[in-house]
Amino acid sequence: MHRKHLCELKVDEAARALLGQQLVRILTDGSRLKGKIVETEAYHETDPAAHTYNGKTDRNAVMIGPAGYAYVYFVYGMHYCLNVVTGPEGTGEAVLIRALEPKEGMDVMQQNRSLQAKTPGNMCSGPAKLTQALAIDRQFNGHDLRSSPLYLKEGKPVADTHITRSTRVGVRSGASTPWRFYIKGNAFISKP
DNA sequence: AGAGCGATTGCCT
DNA sequence: GGCAATCGCTCTG
């Protein structure tokens, strides 16, 4: 996934394009954690479910900035969620990463998940599960996703015929917008 | 200044 | 299936 694509594609197209790409996290002890993106959701400032719907605030500023950066927000008093900022600078659009298929460092991911994840299928199958597994918190808000210790790596694109779309999970307003995308039949998505 | 609530998860019945 | 945990952002007064 090149930055060029992230700023030129419409956000729902970017959400599709991010499927199959790899997310890599390098820990300070040198551990390398990697997962393939298998589920995403698109958010756009014209959409009532988006954090940017009511304009710019301190919290959502990164989402309105340039594409290719991480927008990490804190929710429910305990969880972090990771978004990839997309679109031209000045518009508030981003793609929420909802699930990863673990590829490297699963032992460390399991420790980061407080041993709550006993199986690979429960390691990164949710937006807050994967941030826990990859130790992603607010320090990565505004981080350039081209650079270590957290970056996107080119993966095999997923053909549209292998992508399923549905409505987004957990949103109230904008609930009918079918902007959740996942790899058809993949065992690592958040909800079967 | 303070109430209300959220792009969730895991435990309990 | 229901609900608590837990905190900071947002909006109202």
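Per chain, numbering begins at 1; letters A, B, ... match sequence-line order.
- Although no hydrogens or angles enter the test, the distance criterion places a donor-acceptor pair under 3.5 Å between the side chain of T40(A) and the main chain of A15(A).
- Ring pair Y71(A)/Y73(A): centre-to-centre distance below 6.0 Å.
- Tracing side-chain contacts under 4.5 Å through hydrophobic residues (I, L, V, M, F, W, Y), one never reaches I163(A) starting from V169(A); they form parts of separate clusters.
- Judged by distance alone, with hydrogens and angles left aside, the side-chain atoms of R98(A) form no donor-acceptor pair with the main-chain N or O of E41(A) at under 3.5 Å.
- Taken from CG in L150(A) to CG in L134(A), the straight-line distance is 7.5 Å, to the nearest 0.5 Å.
- Comparing dT6(C) with dG2(B), their P atoms are spaced 23 Å from each other, to the whole Å.
- On the nucleic acid side, DNA chain C has its first and last nucleotide under 4.0 Å of a heavy atom of chain A at dA5(C) to dC11(C), going 5' to 3'.
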### Query
Could you write nucleotides 4-13 of chain B as a row of B, S and -, 5' to 3', where a protein heavy atom under 4.0 Å of any base atom gives B, of only sugar-phosphate atoms gives S, and otherwise -?
--BBBSS---

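- Using a 30° and 60° split on the angle between ring planes, F74(A) and Y80(A) fall in the tilted class, from 30° to 60°.
- With respect to D47(A) and R168(A), a salt bridge is recorded, a charged nitrogen being found less than 4.0 Å from a carboxylate O.
- Pairing partner, dT10(C): dA3(B), with both Watson-Crick or wobble hydrogen-bond distances short of 3.5 Å.
- Side chain of R25(A) to backbone of L33(A): no donor-acceptor contact under 3.5 angstrom is found.
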